[in-house]
Amino acid sequence: MTAVPRPEAGERATAWDEPTDEAKGPAEIPDPATTRVPAELRATIEQAMARYPDPRSAAIPALHAAQELHGWCSPQAIEQVACVMGATPAYLASLATFYDMLQTAPAGPHSVYVCTNISCSLRGADALFAALHGAVGEDPEIDVRAFECLGACDIAPMASVDGVYVGPLSIDDVPRLLDDVRAGRPVLSEKQLAIRPVADQQARP
Amino acid sequence: MKILFDRIDEPGLNTLAVYERRGGYASLRKALAMTPEEVLGELESSGLRGRGGAGFQMGKKASFLPKGSIDKYLVCNADESEPGTFKDRELMQKTPHMLIEGIVIASYAAGASRSFIYIRGEYVLQADVLDAALAEARAAGYLGEHILGSDHSLSLVIHRGAGAYICGEETGLLDSLEGKRGNPRLKPPFPANQGLYQGPTLINNVETLATVPAIIRMGGAEYAKLGVETSTGTKLVSVSGHVQRPGNYEIELGIPAREIIYGLAGGPPRGRAVKCWFPGGSSAPVLTAADLDVPYDFNSLAGAGSMLGSGAIIVVDDSTPILDVAIKVAKFYQHESCGKCTPCREGTNWTVKMLERIDSGEATPMDLDIMASVQDHIIGNCLCVLGDAMAMPIGSMIAKFRDELESHIEAARLGSAVRLVAG
């Protein structure tokens, strides 16, 4: 059994997951006069805000846009979104930590999400994930993650490679998949979900 | 009979030109020539039950929205994340205009002037297809102000989520759409009275809304002749797991489950047999091979102790230990629990720990009783049904595969004792 670290007498308990600077107050809404926001990001966020009756609805699209620019929801990315939306950084951080697709740590430019939920794991997804994870190794360019059901159990086991669904995959596909990602080619073009016909024979023309 | 999947792979069906050539948006013209009450009447007489999981009558739900000129909303739930479910994905990708047409007609019936499609963030291709279809529909006057010269106006926004199972729960979805964490709300008030931005809101699943144009075309009474009395119409079924031809199939409700699993999907691989199957996504209680002749419809499956849910059949064959299935399922709900309600947050967490103890040889048969009672204490005690969604299948696995779990406990304990002595 591992020992649970306990605070010393008089010591203040720190935050649940990460130590925080207790001496610092909470960040306020960034001042637009002193916060630099890239013009393109500002335009994207403002456009998103205009689409909803309540501009706050644009929080997730705005964080998506900032993540695309910065690679992850970094403190700077959150500060820029907070500045344009007039929200506190803490509020946006609460969203970034809630949603799986928003990264709260630096990640490579390429993402490979392997579905390891029930239908995929019945067809060998755990071994596929292990093989992919092993093959990528320490490469910081590619972020391999086990993901919850991606809604493509018909092509199990499958992966979403930079948002493109491919499957059914076997361990033999791993080297070519990674080659395609590294070379910037379309990933396993014959195994993409986009070209797969419906399973129901009677629905075919 | 194919309604949603009729020649769905026809090239270009995702474009307005092909959809219109096949008679698309004719139902919208027909609906706009009727009064909203008449359209609502057709939806009610069709008997269409919601395809997202709960199976509530769609027409009745739409009729709950207050009348009058206040701002009303229609939200299409495209956050398809129930494990095993992938029917809405295929619909949106291949025939997006059918969904848009359904949304416009349903909003006309309910008097909604703003609509949203909340699509899960992982569905990048499908959201792009919808964006393109939306632009075409808007340019052709099927969306916007005074649709086709009528008094009905509707805006539509496609909102991409960011990966959270709980946002498929209708009130969690509303919070997420308002730009918050997707925490479920206390009901009542129900969304029909107080939903998005505190306004009356109609929330329907993709498949439900995509069926609306067919109901208007055929007439509600004619549609109700399909299927069986309490479960009318056709249903998309996603079959996955240990079957030879996994995929989406459109069936008439009420056909035996055996016909879907063996007839359409080819059954388990040669030499293996069905051990258990989830009839409606991983949150449905499991059924066994003995239940394969149950008619696949809402009431028959409920009678067999399970549910039709989202229409996702996951087949597990006899090569898989039931414990592995239980751990996978429980871990998913543990990860996705939003943490708002104690029974769900703690219950999912402890269930995973107890299941893992079985595998590591630290469990006793009494643990099964404790685990079963934990499941009982989750069901019905939370704001939403995420906890129930774990408790129901796990509870059913303990009840139906108790012998196997007990021998697993014994074997694992022996194994760990041997390791202790040898180590």
* To do: Indicate yes or no: does B:Glu122 engage B:Arg89 in a salt bridge with an N to O separation below 4.0 Å.
  => no

* **Listed once per pair and sorted, the side-chain hydrogen bond (donor to acceptor under 3.5 Å, both in side chains) pairs that draw on residues 235-244 of chain B, sequence neighbours left out** => A:Ser119-B:Ser240, B:Glu207-B:Lys235, B:Ser238-B:Asn248, B:His242-B:Asp317

* To do: Check the side chains of B:Tyr123 and B:Glu80 for a donor-acceptor pair under 3.5 angstrom, ignoring hydrogens and angles.
  => yes

* Any chance the rings of B:Tyr333 and B:Tyr165 have centres within less than 6.0 Å? -> yes

* If you measure only the distance, is there a donor-acceptor pair under 3.5 Å linking the side chains of A:Ser74 and A:Gln76? -> no

* **Contacting region of B:Lys180 [heavy-atom separation from chain A under 4.5 Å]** => both

* Structure fact -> Counting heavy-atom pairs under 4.5 Å with chain B, the top scorer among A:Ile118, A:Ile155, A:Val164 is A:Ile118

* At a heavy-atom separation under 4.5 Å, does B:Ile166 approach chain A through its side chain, its backbone, both, or neither? -> side chain

* Most contacts with chain B, counted as non-hydrogen pairs under 4.5 angstrom, among A:Ala48, A:Ser160, A:Ala152 -> A:Ala152

* Taking B:Asp79 for the side chain and B:Gly168 for the main chain, is one N or O donor matched with an acceptor at less than 3.5 Å? -> yes

* Pick one of side chain, backbone, both or neither for A:Pro197, based on which atoms fall under 4.5 Å of a heavy atom in chain B. => both

* Do B:Lys2 and A:Asp200 sit within salt-bridge range, that is, some charged N less than 4.0 Å from a carboxylate O? -> yes

* To do: Mind ranking A:Leu102, A:Leu193, A:Thr116 by heavy-atom pairs under 4.5 Å with chain B and telling me who comes out on top?
  => A:Leu193

* **Electrostatic pair B:Arg181:B:Asp175 at N-O distance under 4.0 angstrom** => no

* Spell out, as yes or no, whether a donor-acceptor pair under 3.5 Å connects the side chain of B:Ser113 to the backbone of B:Asp71. => no

* For B:Glu250, is it the side chain, the backbone, both, or neither that has a heavy atom closer than 4.5 Å to a heavy atom of chain A? -> both

* **B:Val239 side chain near A:Asp154 side chain, heavy-atom distance below 4.5 Å** => no

* **Partner chain B: residue of A:Cys115, A:Ala59, A:Ala58, A:Ser121 with the largest heavy-atom pair count (under 4.5 Å)** => A:Ser121

* **Atom group of B:Ser176 that falls short of 4.5 Å from chain A, counting heavy atoms** => both

* **Part of A:Tyr91 lying under 4.5 Å from any heavy atom of chain B** => side chain

* Between chain A and each of B:Ala312, B:Gly241, B:Ser282, count heavy-atom pairs under 4.5 Å; write down the option with the most. => B:Gly241

* To do: Counting only heavy atoms closer than 4.5 Å, note whether B:Val129 contacts chain A via side chain, backbone, both or neither.
  => neither

* Asked: Is it the backbone or the side chain of A:Ile60 that comes under 4.5 Å from a heavy atom of chain B, or both, or neither?
  -> side chain

* **Toward chain A, the part of B:Ile158 with a non-hydrogen atom under 4.5 Å** => backbone

* **Backbone of A:Glu40 reached by a side-chain donor or acceptor of A:Thr44 within 3.5 Å** => yes

* Asked: B:His159 versus chain A, heavy atoms under 4.5 Å apart: side chain, backbone, both or neither?
  -> both

* Structure fact -> Turns out that what part of A:Ala156 lies under 4.5 Å from chain B's heavy atoms comes down to neither

* To do: Name the option with the most non-hydrogen atom pairs under 4.5 Å to chain B; the candidates are A:Pro55, A:Pro61, A:Pro168, A:Pro53.
  => A:Pro53

* **Interface residues of residues 322-332 of chain B facing chain A - non-hydrogen atoms under 4.5 Å apart** => B:Val325, B:Lys328, B:Val329, B:Phe332

* Structure fact -> The interface call for B:Phe116 against chain A, heavy-atom contacts under 4.5 Å, is side chain

* **salt_bridge(A:Arg182, A:Asp139) N-O dist < 4.0 Å** => yes

* If you measure from CZ on B:Phe5 to CD1 on B:Ile251, what distance do you get to the nearest 0.5 Å? -> 12.0 Å

* Structure fact -> Heaviest contributor of heavy-atom pairs below 4.5 Å to chain B, chosen from A:Asp126, A:Leu150, A:Leu63, is A:Leu150

* To do: With B:Gln126 as reference, evaluate B:Glu90, B:Gln93, B:Arg160 under the side-chain hydrogen bond (donor to acceptor under 3.5 Å, both in side chains) test and give the passing residue.
  => B:Gln93

